[in-house]
Chemist: 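Below: one structure in structure tokens.
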Amino acid sequence: MPQSESPDASDVRIGIVTVAYRSDAMLSGFLASIPAATSAAVALVVADNLPAEGDAAGIAESASADYVPIPANPGYGGAVNAAVHRLPDNVEWVLIANPDLILDPGALDRLVATGREDDGIGSVGPLIKNPDGSTYPSARSVPSLRTGIGHALFSNLWQTNPWTRRYREDLAPAGERRDAGWLSGSCVLVRRTAFDEIGGFDEGYFMYFEDVDLGYRLGTRGYRNVYDPSASAVHIGGQSTGGESARMVRAHHASARRFIRRKYAAWWLWPVRVVISIGLAVRSALITRGLGR
């Protein structure tokens with residue numbers, strides 16, 4: 001287990017936060033991967049959105065992590081915000097990571113080094129691998145109207161369509177560091193001052209799109225979101241939300257509508273907001289009907 005003793009808070013510049021939700025099976029593995037990922041002292045916080053089940057408290061205690069039970073379950077973004085709030089004030093960088101993730105050796109040190117290269121970098125994301133070794137598209141562009149509509153209509157029917165490829169930035173050079181519109185919230189390092197400046201995650205997103213929105217808002221404040229594949233992690237995936245497909249589909253579409261309302265907030269764009277919202281509602285209903293729920 002990482003950090004057998006809690007480091008002196010005055011020496012800590014890096015914080016790590018994760019959100020548990022029926023995650024006991026994977027949380028220990030994530031925490032155990034931290035010592036090899038960084039040579040620095042870190043402050044650990046585990047927020048638990050379902051404290052009535054499992055033993056996340058015991059797992060956190062064994063790793064000398066601060067444990068934050070949140071019975072009300074505000075969603076991923078709300079739990080991350082609560083966890084970040086518990087970090088020492090002198091923490092400069094915060095790694096936000098899912099509990100079903102394994103950090104590769106040296107990953108956190110490389111992310112922090114990249115972030116420190118430019119004061120304008122607000123977030124840094126690693127290469128995220130699936131369990132089979134394939135690459136998960138974790139650094140993407142902020143969806144435009146054309147890209148978003150094309151991706152929504154064709155992603156399930158024609159996976160190599162140009163809109164989905166553009167959204168996932170599949171056309172970008174593979175294996176190269178680059179700026180992105182947003183980085184996957186499953187594993188992203190954020191500059192603490194930038195995160196605080198924009199108010200952290202928007203807690204209006206219960207699940208999905210909170211990372212898209214975070215990257216978008218960092219970008220509107222002039223910060224860069226940098227993808228650095230020299231750092232990597234493996235995302236097992238599906239541990240917290242498996243078996244809730246219909247609920248997840250509805251939540252995804254509700255979050256998409258919220259993001260559209262934010263990005264296209266001008267009064268004269270109300271027809272766009274209405275048409276897209278109706279389209280998303282219909283798409284959600286069709287998909288959930290197909291799931292039989």
Side-chain angles (χ1 to χ4, degrees), residues 13-17 37-38 40 42 76-77 80-81 83-84 87 90-98 101 103-104 106-129 135-148 151 165-202 205 208-233 235 255 259-260 262-265:
R13 295 292 181 269
I14 301 171
I16 300 176
V17 303
T38 180
V42 299
Y76 185 71
V80 168
N81 288 347
V84 171
L87 290 170
N90 51 298
V91 163
E92 300 171 355
W93 296 96
V94 181
L95 181 73
I96 299 165
N98 282 7
L101 189 97
L103 296 169
D104 285 342
L108 182 52
D109 283 344
R110 283 191 282 274
L111 291 175
V112 172
T114 296
R116 286 175 172 163
E117 290 179 5
D118 178 4
D119 290 342
I121 294 177
S123 69
V124 189
L127 168 70
I128 297 179
K129 297 173 289 186
T135 299
Y136 175 77
S138 60
R140 308 188 187 188
S141 60
V142 174
S144 64
L145 278 176
R146 181 172 61 181
T147 299
H151 172 68
R165 293 186 66 196
R166 187 172 296 112
Y167 170 55
R168 293 181 173 177
E169 296 201 346
D170 287 350
L171 303 177
E176 292 186 9
R177 183 195 294 190
R178 66 179 186 274
D179 284 18
W182 63 278
L183 302 163
S184 172
S186 64
C187 187
V188 61
L189 181 77
V190 295
R191 184 183 297 272
R192 176 77 171 276
T193 53
F195 188 80
D196 289 346
E197 180 182 330
I198 65 172
F201 279 116
D202 179 350
Y205 296 93
Y208 301 115
F209 270 83
E210 67 278 323
D211 45 7
V212 182
D213 179 80
L214 184 78
Y216 173 69
R217 287 186 291 124
L218 284 171
T220 60
R221 293 293 184 95
Y223 289 105
R224 298 168 58 199
N225 302 297
V226 177
Y227 169 69
D228 185 355
S230 71
S232 59
H235 188 203
S255 294
F259 181 72
I260 289 296
R262 163 166 280 158
K263 187 179 181 188
Y264 301 103

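Start at 1 with the first residue, then count along the sequence.
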Chemist: Give a yes or no on whether the backbone of Asp179 and the side-chain of Arg224 come within a donor-acceptor separation of less than 3.5 Å.
Modeler: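 Flag not set: sc Arg224 to bb Asp179 has no pair under 3.5 Å.
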Chemist: Quick one: pull up CH2 in Trp93 and CD1 in Ile121 and give me the separation to the nearest 0.5 Å.
Modeler: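 So the gap between those two atoms works out to 6.5 Å.
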Chemist: Between Val188 and Ser184, which heavy-atom pair has the shortest distance, and what is it?
Modeler: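 In terms of heavy atoms, the two residues are closest at CB-O, 3.6 Å.
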Chemist: Could you walk me through whether Asp211 and Ile96 pass the side chain to side chain contact (heavy atoms under 4.5 Å, CB included) test, one step at a time?
Modeler: CA-CA 11 Å; Asp211 45 7; Ile96 299 165; over 6 Å; no
Chemist: From Ile128 CD1 over to Thr135 OG1, what is the distance, rounded to the nearest 0.5 angstrom?
Modeler: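 It is 10.0 Å, given to the nearest 0.5 Å.
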Chemist: Between Glu117 and Val226, is a side chain to side chain contact (heavy atoms under 4.5 Å, CB included) present by the stated rule, with each step listed?
Modeler: CA-CA 11 Å; Glu117 290 179 5; Val226 177; over 6 Å; no
Chemist: Does the distance from a Lys or Arg side-chain N to an Asp or Glu carboxylate O, for Arg217 and Asp202, drop under 4.0 Å?
Modeler: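 No salt bridge links Arg217 with Asp202.
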Chemist: Please walk me through it: do Glu197 and Arg191 pass side chain to side chain contact (heavy atoms under 4.5 Å, CB included)?
Modeler: CA-CA 10 Å; Glu197 180 182 330; Arg191 184 183 297 272; over 6 Å; no
Chemist: For the residue pair Ala194 and Gly122, what are the closest heavy atoms and their distance?
Modeler: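 Residues Ala194 and Gly122, closest heavy atoms: CB-CA, 4.3 Å.
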Chemist: Would you call Arg110 and Asp228 a salt bridge, using N to O less than 4.0 angstrom?
Modeler: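 No salt bridge links Arg110 with Asp228.
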Chemist: What are the two closest heavy atoms between Asn225 and Ser123, and how far apart are they?
Modeler: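 Scanning both residues, the minimum pair turns out to be OD1-OG, 2.6 Å.
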Chemist: What's the separation between atom NE2 in His235 and atom NZ in Lys129, rounded to the nearest 0.5 Å?
Modeler: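 Reported to 0.5 Å precision, the distance equals 13.5 Å.
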Chemist: Look up atom CG in Asp119 and atom OG1 in Thr193, then write down how far apart they are to the nearest 0.5 Å.
Modeler: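 Reported to 0.5 Å precision, the distance equals 8.5 Å.
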Chemist: Decide yes or no on side chain to side chain contact (heavy atoms under 4.5 Å, CB included) for Asp213 and Trp182, but give the supporting numbers first.
Modeler: CA-CA 8 Å; Asp213 179 80; Trp182 63 278; over 6 Å; no
Chemist: Using the side-chain contact (heavy atoms from CB on, under 4.5 Å) definition, which of the options Ser138, Ser232, Pro126 pairs with Cys187?
Modeler: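 Exactly one option meets the side-chain contact (heavy atoms from CB on, under 4.5 Å) with Cys187, and it is Pro126.
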Chemist: Testing the basics here: between Glu210 and Tyr76, what is the closest heavy-atom pair and its distance to 0.1 Å?
Modeler: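 Closest pair (atom of Glu210, atom of Tyr76, distance): OE2-CD2, 4.0 Å.
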Chemist: For residues Phe195 and Phe201, report the shortest heavy-atom separation together with the two atoms involved.
Modeler: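 Looking at all heavy atoms of both residues, the closest pair is CZ-N, 3.7 Å.
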Chemist: Identify the two heavy atoms, one from Val124 and one from Leu183, that lie closest to each other, and give their separation to 0.1 Å.
Modeler: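 Of all heavy-atom pairs spanning Val124 and Leu183, the closest is C-CD1, 3.7 Å.
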Chemist: Could you measure the distance from the CG atom of Leu189 to the CG atom of Leu108? Nearest 0.5 Å is fine.
Modeler: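 Going from CG on Leu189 over to CG on Leu108, the span is 6.5 Å.
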Chemist: Could you state the interatomic distance from CG (Leu103) to OG1 (Thr38), rounded to the nearest 0.5 Å?
Modeler: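 So the CG of Leu103 and the OG1 of Thr38 are separated by 9.5 Å.
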Chemist: Just checking, any donor-acceptor pair under 3.5 angstrom between side chains of Asn98 and Ser186?
Modeler: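 Result is no, nothing qualifies.
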